[in-house]
2 protein chains.
Amino acid sequence: MDMNCALPDRDSGPCQAVEATLSRIGDKWSVLVVTLLRGGSRRFNEIRRLVPSISQRMLTLTLRGLERDGLVLRTVTPTTPPRVDYELTELGHSLAGPLDALRDWAVAHRPAMQAAQAAFDGRHAEAA
Amino acid sequence: MDMNCALPDRDSGPCQAVEATLSRIGDKWSVLVVTLLRGGSRRFNEIRRLVPSISQRMLTLTLRGLERDGLVLRTVTPTTPPRVDYELTELGHSLAGPLDALRDWAVAHRPAMQAAQAAFDGRHAEAA
DNA sequence: CTGCATCCCAGTAGATACTG
DNA sequence: CAGTATCTACTGGGATGCAG
């Protein structure tokens, strides 16, 4: 999070910013949750149901992290039972562009990556 | 890497692709190395010098991963001492667009994120 | 319903030393 | 020069149980 950065063509400002951003969205769940919330406000267990493979703990941690970084707004309605809604902030919505770019690249080039992986693994299977 | 994906507005294809991509570039060093190689071919220890904080082991592992996924080409020249050059493949270069988009977003919104973090931490410091 | 606390395991980073 | 091997330490993340 606070590493040296010796890129030749760029000072450390952009580099640290990218590092910080990747350590936020580079984890296992953040992009998934953010993408989900692009569809509108959701309650806690609603998200859980939509992402069955996430554990309660990780959803809590992910939402806390996103809230801390100002990407998600958490609204508590103190009824009984309590109701907590999560929605993207404007900052959160502004991530849509870069995320779409990444998704488009990922979709377009995944076959190439998988082919490269298969070729690499085949090349190195002979050794074993 | 092979997780369930229950996004409402997208089938699992794009989602898995994004997951795969993030697990590639979401680590600590890959983006740094790729960005570095955008400036042209580099030798192993050349990269090490340019990224002083990376360990020899992690540089090896990072380059292997990128090579396996077809983003980086590894060229061995069997002289004494041996010479190994790394350069981006066409696939690697195609990452430039999304990476730039991410960097621009990161640079533009980092102040907002840092402010949000400070506010969040301040809000929760009172509790302690 | 929401979410915090605890325990526990597996994966992965780092340091160091050694090899072709 | 360009790695590999090994060992240790840290962290992410799942399971479970408890609380407001």
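Protein chains get the first letters and strands the later ones, always in sequence-line order, with residue 1 at the start of each. Predicted model only: the values in this text are computed from it and were never measured.
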Can I get a per-line list of side-chain donor-acceptor pairs under 3.5 Å for residues 64-73 of chain B, giving both atom names and the distance, sequence neighbours left out?
unit_1	atom_1	unit_2	atom_2	d
B:R68	NH1	A:D121	OD1	2.9
B:R68	NH1	A:D121	OD2	2.5
B:D69	OD1	A:Q117	NE2	2.8
B:D69	OD2	B:R24	NE	2.7

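Applying side-chain hydrogen bond (donor to acceptor under 3.5 Å, both in side chains) to A:E46 and the options A:R48, A:R42, A:R43 leaves one that passes, A:R42. With A:T35 as reference, A:V31 is the one residue of A:L32, A:L37, A:V31 to meet the side chain to side chain contact (heavy atoms under 4.5 Å, CB included) rule.
Inter-residue side-chain proximity for A:V51 and A:V33 is flagged as unmet; no heavy-atom pair is nearer than 4.5 Å. Taking the side chain as every heavy atom from C-beta outward, A:W29 and A:L59 never approach each other to under 4.5 Å.
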Please encode protein proximity along nucleotides 1-16 of chain C as a string of B, S and -, counting only heavy-atom distances under 4.0 Å. BSBB-B------BBB-

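Across the protein-nucleic acid pair, A:L59 atom CG and D:dG13 atom P stand 13 Å apart, rounded to whole Å.
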